[in-house]
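All figures in this text were calculated on a predicted structure; none of them were measured in a lab.
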Amino acid sequence: MKIEAPRGTHDVLPADQLLRQAVIGAGESTAARFGYSRITTPTFEETTLFERTSGEGSDVVNKEMYTFLDRGGRSLTLRPEGTASVARAYIERGMHRLPQPVKTFYLGPMFRYAAPQKGRYREFWQIGLEALGSDDPALDAELMLAFVDILTSLGISGVRLQLNSIGGRECRGDYLERLRAFLAEHEESLDEDARRKAARSPLRVFDTKNPALAEVLRDAPKIGDALCAACAAHFESVRAHLDAAGVAYELVPELVRGLDYYTRTVWEFIDDSLDAAQSTLCAGGRYDHLVEGIGGPAAPGVGWAAGIERLELSASALELPTGIDVFLLLAEDVDRPRALAELTSLRRAGLRCETDYASRSMKGQLTHANRLGAAWRVRVDGTGATIERRGLAEVSEVGVAIDRIAERVLAHVERTRG
RNA sequence: GUGGCCGUAGCUCAGCUGGUAGAGCCCCGGGUUGUGGUCCCGGUGGUCGCGGGUUCGAAUCCCGUCGGUCACCCCA
């Protein structure tokens, strides 16, 4: 029986790592410049953490979590998202006593048991930025700007920003009653899915692709029209910061979130060049009651998460640096240990060096050197070494003694750098 | 979880209505060449996803299962 990677998982092969490093590097660079420090939390947590924060009516909790009992009988869950862990650590490690806001980012694998598709895996990587301990609307905007910054450095264009405010506790209560009334009134027009949502989490009724239903919902009360003065002012300020930064966005009154902890600002970055079902590159929002919801102090927060694999798909046109510095070709009659000692010297000097480990013919070694994009070739036979530079017809030096190879190569590299 | 399509060498695929597997690319060697590339020749490599069934005989038909992909759902 052939052993295969579990359903929905994938290997990131050596050839894929350059792109992955580019995406991760862009995220780390942006985080550093925007003042977000990395936090690493466990890949699994007590199950109740996610049940409380995501909401017991959410799909993530109901059918997508990898939950198991450990040998001590504890119910643990492989994290389906990163925000809950950050909030938990914020409380447990006393970060609410640090100067606020605390700005962190995380990077690592997440786990959701859902039907796998392209750009959608059961184990997938996310990068996320979170700012806890401040309700400043400038932070909401800053977080969106940070993601724009990542897109820019990865050469990704044509991404749309959708924006909405779903209000806070104060304004949402009244609104939800009106929405429920509307939904009850139009119950015969709702599909099965919408009825289920109406009972549990009415706001999410708007998250539909059913055109008939969308038509009905056009007349439904919108949360954006029901914001209290404070929430409206907050949203106004978020938009002012985005406008001043020159970031375009679409106001989408139907935009809601699948997790219960969100309040006020919510947004998504969408890349239409990806397949429709997986076009969301990044989703975020404010969660002003999440921390106190799991037993912490009253601490508002805001943040986003982006899928690394989807960013890789969007950034696949990115030109990546390739090539090594030196390839050492050896004829059969050379003293291999002595020649390889020279290679080690070059590596210690900081050059990326390779040689043949497959007993290739001289022609085969040349092919391999070319394949690796070697800038310099050092060919060694019984009479000494020849140093050649890629793309040049004439050799750079002939008759180099074996134990002077490193010295001479470094001299040539140094000379051509100027 | 539901439905459609798909699953043959590392990769992309061909193999019509059943008779014990092929091509191109890649990889390795040789020749040619301004010792790379190009071009020519040769070679390595597959129990046809897995299991069962029908049959004298199945990659080819049937069932199941696993996996991929797309849509729904949900989301990153």
Provide, to the nearest angstrom, the distance between the [atom1] atom belonging to [X] and the [atom2] atom belonging to [N].
{"X": "A:E64", "N": "B:G1", "atom1": "CD", "atom2": "C1'", "value": "11 Å"}
{"X": "A:L392", "N": "B:G34", "atom1": "CG", "atom2": "C1'", "value": "14 Å"}
{"X": "A:R122", "N": "B:C74", "atom1": "CZ", "atom2": "C1'", "value": "13 Å"}
{"X": "A:E4", "N": "B:G7", "atom1": "CD", "atom2": "C1'", "value": "10 Å"}
{"X": "A:L13", "N": "B:C11", "atom1": "CG", "atom2": "C1'", "value": "13 Å"}
{"X": "A:Q117", "N": "B:U2", "atom1": "CD", "atom2": "C1'", "value": "13 Å"}
{"X": "A:L372", "N": "B:C27", "atom1": "CG", "atom2": "C1'", "value": "14 Å"}
{"X": "A:E81", "N": "B:C75", "atom1": "CD", "atom2": "C1'", "value": "12 Å"}

**OP:** Locate the shortest heavy-atom distance separating A:W376 from A:S396; write the atom from each residue and the value.
**Re:** CZ3-OG, 3.7 Å
Original post:
Which atoms form the tightest heavy-atom contact between A:C171 and A:A226, and what is the distance?
Top reply: CB-O, 3.4 Å
Using atom [atom1] of each nucleotide, how far apart are [N] and [M] to the nearest Å?
{"N": "B:C62", "M": "B:G4", "atom1": "P", "value": "15 Å"}
{"N": "B:U65", "M": "B:C26", "atom1": "C1'", "value": "33 Å"}
{"N": "B:C50", "M": "B:C40", "atom1": "C1'", "value": "42 Å"}
{"N": "B:G22", "M": "B:C48", "atom1": "P", "value": "14 Å"}
{"N": "B:C61", "M": "B:G67", "atom1": "P", "value": "23 Å"}
{"N": "B:A14", "M": "B:U60", "atom1": "C1'", "value": "13 Å"}
{"N": "B:U12", "M": "B:G68", "atom1": "P", "value": "15 Å"}
{"N": "B:U17", "M": "B:G31", "atom1": "P", "value": "46 Å"}

Subject >> A:K363 (side chain) and B:G37 (base): donor-acceptor pair under 3.5 Å >> reply: no
Counting side-chain heavy atoms from CB outward, which of [options] is closest to [X]?
{"X": "A:F124", "options": "B:A76, B:U35, B:G1", "value": "B:A76"}
{"X": "A:L366", "options": "B:G36, B:C66, B:G68", "value": "B:G36"}
{"X": "A:R360", "options": "B:C28, B:G1, B:G31", "value": "B:C28"}
{"X": "A:S361", "options": "B:C75, B:G30, B:C73", "value": "B:G30"}
{"X": "A:R371", "options": "B:G37, B:G1, B:C28", "value": "B:C28"}
{"X": "A:Q126", "options": "B:A76, B:G30, B:G67", "value": "B:A76"}
{"X": "A:T280", "options": "B:C75, B:C74, B:G67", "value": "B:C75"}

Original post:
Taking for each residue the nucleotide of RNA chain B with the nearest heavy atom, is it A:K118 or A:L281 whose nucleotide lies nearer the 5' end?
Top reply: A:K118
Original post:
Does A:Y121 or A:N370 map to a spot on RNA chain B nearer the 5' end, using the closest nucleotide for each?
Top reply: A:N370
**OP:** Classify the angle between the aromatic ring planes of A:Y121 and A:H10 as parallel (below 30°), tilted (30 to 60°) or perpendicular (above 60°).
**Re:** parallel
Under 4.0 Å between any heavy atoms, over every strand shown, what does [X] touch: base, sugar-phosphate, or nothing? Just pick one.
{"X": "A:A114", "result": "nothing"}
{"X": "A:A5", "result": "nothing"}
{"X": "A:R7", "result": "sugar-phosphate"}
{"X": "A:G128", "result": "nothing"}
{"X": "A:G8", "result": "sugar-phosphate"}
{"X": "A:E309", "result": "nothing"}

**OP:** Would you indicate, yes or no, if B:U35 has its OP1 or OP2 atom less than 4.0 angstrom from a side-chain nitrogen or oxygen of A:R379?
**Re:** no
Original post:
Checking side-chain contact (heavy atoms from CB on, under 4.5 Å) for the pair A:T40/A:R38: CA distance, chi angles, key distance, verdict?
Top reply: CA-CA 7 Å; A:T40 306; A:R38 184 159 183 180; 4.0 Å; yes
**OP:** Ignoring hydrogens and angles, state whether a donor on the side chain of A:S29 or A:R33 is under 3.5 Å from an acceptor on the partner side chain.
**Re:** yes
Subject >> Modelled atom types, side-chain donor and acceptor of A:E142 and A:Y36, under 3.5 Å >> reply: yes
Subject >> Opposite nucleotide pairing with B:G1, Watson-Crick or G-U, both atom distances under 3.5 Å >> reply: B:C72
Original post:
Should A:R160 and A:E268 be marked as a salt bridge (charged side-chain N to carboxylate O under 4.0 Å, His left out) after you check the CA-CA gap, both sets of side-chain angles, and the distance that decides it?
Top reply: CA-CA 8 Å; A:R160 290 156 36 217; A:E268 280 185 26; over 6 Å; no
Original post:
When you measure from the side chain of A:W304 to the backbone N and O of A:C282, does any donor-acceptor pair fall under 3.5 Å?
Top reply: no
